[in-house]
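Heads up: numbering here begins at 1 and tracks the sequence.
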Amino acid sequence: MMIDLTRPTFQNFTPDDGEWVNDKYAEFSVVVGDSVSDIDGSSAMYRTYRSDSSELTAWKYVFGVLNVFNGKQLIVQPSMPEGRGHYIQWSVSDNVGRESTSEVSYFNVDLTPPSIDIVGGAGVRYVMRETITLSSEIQDPLSGILFDTIEYRFGHAHGFYDLPWESVGLTGQGAAAYPSVDVTPTFAGYGYLQWRAVDVAGNAAESELGTVYVDENLPIFSTFEPNSSMPQRDRKVTVSVSVIEDESGIDKDGMEMAVSTVSGWISYGVGAYSPWIKMSSIEEVDVGLFRAEATLTLDEGPFNLIKFRVRDRAGNGWVVSTPQRVEVELFEENLPPEAVMQLIPGADFILQGEFITLDGSASSDPEGLNLTYEWYSDMEGYPGEKLLGTSARIEVELTRIGVHHLWLEVSDGTFRVMSEPVLLQVMEAQEEEGGQPSGDEKGLGDYLVELIPIMILLVIIGILIGVLIGAFISRSRKDEGPVLVGPGEEGFPEVQTELAKPLCPHCDEEVRVTDDYCMTCGAVFTNADVKKIKRSANRKRGSGKKGRKKRPSVEEVPMEDSVTELPRDDQVLEMEEPPEQDEALEMEEPPDEEELVEFEEEIPEMDEVMENQFPEMEDLEGWDEDDLEWEGDQ
């Protein structure tokens, strides 16, 4: 009888947990053992999980079971797609029927090798022994690239596959790499370059071959037309030059020419050439044979020289040709040009330091020859000294005081013609005190602009004075008494204490306007009682409707109570007795009747001005002196 109380155990998972697999039908295995009753091979099963579809398969029997030293090895080959996070799980029983299930073993699948693109070095022709840069772009977005596996090879096409691979010396890993290396070719003619790399899953890749052509030979000039022994009958001549370059070819921007003519000696010096000019047309007329053409306007005579320079696509050059001579012989008569000059702006004088434009663009040549220009002044820039300028149109600053004789001289290469001189006086710029030039003196308009703010201020002051006079006259004509002014101001009436005492409407004893009940009889004041108390206090001053007057401003109201906004009773009691009406009327002698009539005619106009300038004063119409209340909108 056999007693087995232990379950089977699993070990030696292949691939390891988290390992990358680069084969769709990779082999998965595990070793399972049981030291007592051994393994029942017919019970072995497995199942897989696909992360791309979140699918967990059903248990499947394992048909590959091998006997090994410490148990049995289970082997399967499931078909798994590319992706991360797949896993496999095993299940088996021993010979007594005790079942055991393994932990899940995760793995990743990458079936695609890295992609390698050649970026720099291929398809370009290089000069012998010139350092060039080889570069590539390598990508593997799934498992990533092992940087230490990136290598290249570069050499002559003959025997290229026997060349050793060279490492670029990178370490680490990543989804993309951009390696580059500098090399110097040691061969001439065709050569190849190639890159290779391996990803983390073990997929290896090699790039396609890149073609390199190393050209060490310079271009060669062949023929030039027209022949120097054949004079040209027209100043416009088409010239052509042929070049042999049967290796890398001619760079389309690599052929230029320079021209020396008598008319150009003034600008570039006697015998000197113009700057290099790109040839307008380059074509390959045969294998390795190139021709370029250009149309030029030359001078009459044998002193037209042309030279060329060229370089090939490999960069060999520049190669400069020998100067080619073209003679121009014209039968028609060469007429002198016409020199025409103009001052802009047209003026007889300018101030010292001002600029003026000299325009000679209206000058012309009967044969259409190119003209050269020279500007002179008899005071500065006279022949033999520094020129004013050599363009058809110039802008100059004349600094010497006096009358300048200005003129233009033009030349067509044969004739030199001077224009009619123009007189221009240069005057000294006068300065004012403080260093201001006389041209900056202020005119009448400037002073008027500066006086506008002062005039506006004077008008406003006049309006205010007129309004105050009108208000004073209108108050003086009334019989109701003096104008009410604020405490502390000159003319403020002194109020007698016994005239300002309000009385209780129930017991006629003295109370304060701000009290809520009578301190003598104890009656609580209603709103009607409060109004009676206020009216009784007002009647004691002897001012009914006839005594009402408009206050000139809100600031002239006596000190206010924080609740009623009226003078507190204790403050009113402290005021001095107001003066008699006759005494108040004698404070200011009223104007005579004629003045009153004249001011009455101006009052409507003043009111309209006040409404426009001070609209807030309209609110003073609601001031009631008897009730000491504001009857307006506020």
Side-chain angles (χ1 to χ4, degrees), residues 235-236 256-278 295-301 303-307 328 334-431 437-440:
R235 296 181 62 248
K236 287 189 176 181
E256 300 176 339
M257 65 178 177
V259 182
S260 174
T261 60
V262 174
S263 60
W265 291 356
I266 298 175
S267 300
Y268 311 118
V270 176
Y273 286 81
S274 68
W276 291 104
I277 307 169
K278 288 183 180 181
T295 300
L296 306 174
T297 300
L298 304 177
D299 292 341
E300 185 178 6
F303 301 105
N304 300 297
L305 299 177
I306 306 170
K307 62 181 179 179
V328 177
N334 182 16
L335 300 177
E338 180 184 8
V340 179
M341 69 169 291
Q342 181 183 6
L343 296 184
I344 302 176
D348 295 331
F349 68 91
I350 60 173
L351 297 179
Q352 183 183 20
E354 291 185 349
F355 284 85
I356 190 166
T357 300
L358 306 180
D359 187 4
S361 57
S363 303
S364 61
D365 182 78
E367 292 78 37
L369 298 178
N370 292 329
L371 299 179
T372 59
Y373 301 84
E374 294 182 3
W375 295 91
Y376 296 102
S377 166
D378 62 345
M379 297 190 68
E380 48 187 313
Y382 194 77
E385 301 180 11
K386 182 179 178 181
L387 301 176
L388 295 180
T390 58
S391 300
R393 182 185 177 103
I394 64 171
E395 186 178 24
V396 296
E397 178 187 9
L398 300 178
T399 58
R400 296 187 180 180
I401 305 301
V403 177
H404 288 246
H405 290 70
L406 304 174
W407 72 92
L408 167 67
E409 292 186 9
V410 299
S411 173
D412 63 357
T414 303
F415 297 97
R416 186 179 185 88
V417 180
M418 183 179 72
S419 70
E420 291 292 332
V422 175
L423 302 183
L424 180 66
Q425 183 177 6
V426 178
M427 302 176 62
E428 182 179 2
Q430 300 294 329
E431 294 189 358
S438 60
D440 295 337

Backbone of [Y] reached by a side-chain donor or acceptor of [X] within 3.5 Å:
X	Y	result
Q352	T399	yes
S419	L408	yes
D359	Q342	no
W375	S391	yes
D299	V262	yes

Within the 4.5 Å heavy-atom criterion, are [X] and [Y] side-chain neighbours or not?
X	Y	result
L388	S377	yes
Y376	L406	no
V426	I350	yes
V259	L298	yes
W265	S260	yes
I344	I356	no
T261	N370	no

[atom2] on [Y] to [atom1] on [X], rounded to 0.5 Å:
X	Y	atom1	atom2	answer
M341	M418	CE	CE	11.0 Å
S361	R393	OG	CZ	6.5 Å
T295	K236	OG1	NZ	9.0 Å
T357	L343	OG1	CG	9.5 Å
R235	T297	CZ	OG1	6.5 Å
E374	R416	CD	CZ	4.0 Å

Inset, instruction - Go through the structure and list residues passing side-chain contact (heavy atoms from CB on, under 4.5 Å) with V340, not counting sequence neighbours. - result: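 Partners of V340 by the side-chain contact (heavy atoms from CB on, under 4.5 Å) criterion, ordered by chain and then number, come out as E338, A362, S363.
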
Inset, instruction - Kindly give the heavy-atom pair with the smallest separation between A258 and S274, and that separation in Å. - result: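 Residues A258 and S274, closest heavy atoms: CB-O, 3.4 Å.
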
Inset, instruction - Mind listing the closest non-hydrogen atom pair of K307 and W276 along with its distance? - result: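 Heavy atoms of K307 and W276 come nearest at O-CZ3, 3.7 Å.
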
Inset, instruction - Taking atom CZ of F349 as the centre, report whether more than 12 heavy atoms of other residues, nucleotides or ligands fall under 6.0 Å from it. - result: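 Counting other residues, nucleotides and ligands, CZ of F349 stays at 12 neighbours or fewer.
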
Inset, instruction - Return yes when atom OH of Y373 has more than 12 non-hydrogen atoms of other residues, nucleotides or ligands closer than 6.0 Å, and no otherwise. - result: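 Correct, the count exceeds 12.
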
Inset, instruction - Please say which of P337, P336, P366, S263 ends up in a side chain to side chain contact (heavy atoms under 4.5 Å, CB included) with D412. - result: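 It is P337; the other options fail the test.
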
